[in-house]
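A short worksheet on the structure shown next.
So that the names make sense, note that chain A is the first sequence line, chain B the second, and so on, each numbered from 1.
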There are 2 protein chains.
Amino acid sequence: MAKQAKVLLVDDEEDILDLLEYNLSKEGFDVYTAGNGLEGVNKAKEIKPDLILLDVMMPEMDGIEACDEIRKIPALNDTIIAFLTARGEDYSQIAGYDVGADDYITKPIKPKVLVSKIKGLLRRNSGKSSQEVTIDGLSIDREKYLALKDGVEIILPKKEFELLALLMSKPESVFTREAIFSGVWGHDIVVGDRTIDVHIRKLREKIGDNFIKTVKGVGYKFSTKH
Amino acid sequence: MAKQAKVLLVDDEEDILDLLEYNLSKEGFDVYTAGNGLEGVNKAKEIKPDLILLDVMMPEMDGIEACDEIRKIPALNDTIIAFLTARGEDYSQIAGYDVGADDYITKPIKPKVLVSKIKGLLRRNSGKSSQEVTIDGLSIDREKYLALKDGVEIILPKKEFELLALLMSKPESVFTREAIFSGVWGHDIVVGDRTIDVHIRKLREKIGDNFIKTVKGVGYKFSTKH
DNA sequence: CGATCCCTTAACATTAAGTTAATATGATTA
DNA sequence: TAATCATATTAACTTAATGTTAAGGGATCG
């Protein structure tokens with residue numbers, strides 16, 4: 001059973017949502033919808049879709065703001081964002097402004113064309129998954145699911161690995177406990193307060209005490225400055 | 001006498017299939033045909049052709065998707081894939097996207113030119129057709145469909161063989177259960193959760209416990225570090 | 001048209017991973 | 001310095017994922 005790609009549609013027009021949902025579902029995508037930017041951002045956190053189709057003009061929170069918000073969520077780093085814009089719409093907002101969108105799609109669009117565009121976008125991204133990050137003698141390899149410290153393999157269980165990967169995705173940046181929860185555990189899952197601490201503890205035990213720093217009252221960060 | 005090269009033609013236009021089939025047969029190739037991507041993928045699994053000519057624009061499953069699928073089948077690792085594209089067709093889908101195709105051929109093409117192109121492709125590949133992989137005393141031979149451990153033949157059933165071949169195709173890399181499903185079973189087939197485990201078990205029984213490692217919560221990997 | 005071998009499933013066992021709870025430590029502030 | 005708050009630490013506990021076995025259906029091959 002292959003994993004279905006999860007697609008989140010965000011548009012304020014019911015008709016368009018229905019049309020797109022129908023066509024994408026038919027193609028085997030796992031489709032979710034939201035009626036405005038705010039809802040879109042929240043659903044995105046929850047669902048962690050592979051691709052988000054974002055209408056630019058929307059009430060509550062427009063597509064650009066939403067995109068901004070989404071791009072701030074580390075867990076959604078690999079999510080593809082594509083803007084939907086009506087032909088002839090005012091481009092001044094998005095022109096020259098790099099929000100981190102991967103594509104712009106102009107409405108009206110034939111469902112078949114949209115489907116093939118989406119497939120193209122998903123395909124393009126599927127290759128670049130073997131990321132390796134190395135910081136100060138410590139590296140992680142997502143594909144091999146391994147951490148290396150000065151060339152020595154360290155085997156980490158899933159949660160620990162993902163926690164480390166998250167912290168290393170933005171070195172020196174502090175991750176709040178909330179950010180860690182939504183990045184590693186996902187929004188809906190509720191676990192106790194000390195769970196993160198325990199995982200941090202186990203990580204420090206394995207990689208040494210110098211990499212992960214506590215920022216009291218705020219969260220944790222990965223730091224190279226010992 | 002050299003084995004006849006098997007060529008699979010995949011195109012939705014009968015006329016083109018007939019024309020190509022006629023010309024390639026005349027040249028001594030072993031020619032098979034399919035009318036769309038889906039059929040093409042299935043026939044490819046069955047026949048294991050040396051070369052596949054894939055039309056890009058097709059109903060059911062287009063050439064790019066088909067190529068993707070084929071590239072996921074370990075047994076077809078050494079198969080050459082060439083795309084057929086109509087001149088002036090929309091290239092946006094394939095441009096900048098590395099699907100693992102070995103060549104692009106533009107229609108219309110003169111049969112003689114096509115034949116010589118195909119011969120060239122087959123020749124180019126004939127050198128690197130080392131169908132054998134050996135890692136740490138364990139090797140598999142795709143052509144003979146055999147595993148060898150320290151020179152001793154181990155007969156593996158199809159699924160076990162393909163599972164092992166898949167894991168060995170990227171040693172040390174972790175394959176998720178999903179990846180294993182789509183690599184060995186294919187996209188549509190749905191089997192129960194414990195099926196992979198059982199095959200892993202049987203493999204370990206036959207090749208020893210040291211080669212395949214479990215990464216709990218993630219998947220399995222082939223590892224040489226015992 | 002048996003006989004055999006594969007593949008899958010289901011039930012249960014096992015183990016690693018993840019979580020919690022209890023307690024300790026240390027920092028901050030009144 | 002006592003009180004309070006946040007994080008650290010440990011071990012016990014729970015859960016989720018995989019391991020294991022055997023049995024049955026279905027394909028395959030002589």
On the side chain of B:K216, is there an atom forming a donor-acceptor pair with the base of C:dT15 - under 3.5 Å, no angle test? yes
Knowing that exactly one of A:L24, A:L54, A:L51 qualifies, which makes a side-chain contact (heavy atoms from CB on, under 4.5 Å) with A:L9? A:L24
Candidate list A:T33, A:I52, A:D30, A:V41, test side-chain contact (heavy atoms from CB on, under 4.5 Å), partner A:L8, passing option: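 Checked A:T33, A:I52, A:D30, A:V41 against A:L8; only one passes side-chain contact (heavy atoms from CB on, under 4.5 Å): A:I52.
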Return no unless some side-chain N or O of [X] is found under 4.0 Å from OP1 or OP2 of [N].
{"X": "B:R201", "N": "D:dT21", "value": "yes"}
{"X": "A:R194", "N": "C:dT23", "value": "no"}
{"X": "B:T214", "N": "D:dG19", "value": "yes"}
{"X": "B:Y220", "N": "D:dA17", "value": "no"}
{"X": "B:W185", "N": "C:dC7", "value": "no"}

Derivation and outcome, ring-ring contact (aromatic ring centres under 6.0 Å, His included), residues B:Y220 and B:F175: CA-CA 5 Å; B:Y220 296 93; B:F175 289 79; over 10 Å; no
Please work out whether the ring planes of B:W185 and B:H199 are parallel, tilted or perpendicular, with thresholds of 30° and 60°.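 Because their plane-to-plane angle is over 60°, the rings of B:W185 and B:H199 count as perpendicular.
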Atom pair distance, as rounded to whole Å: CZ in A:R177 and C1' in C:dT19: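 Distance check: A:R177 CZ to C:dT19 C1' gives 14 Å.
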Between A:L156 and A:T195, which has a closest nucleotide on DNA chain C that is more 5'? A:L156
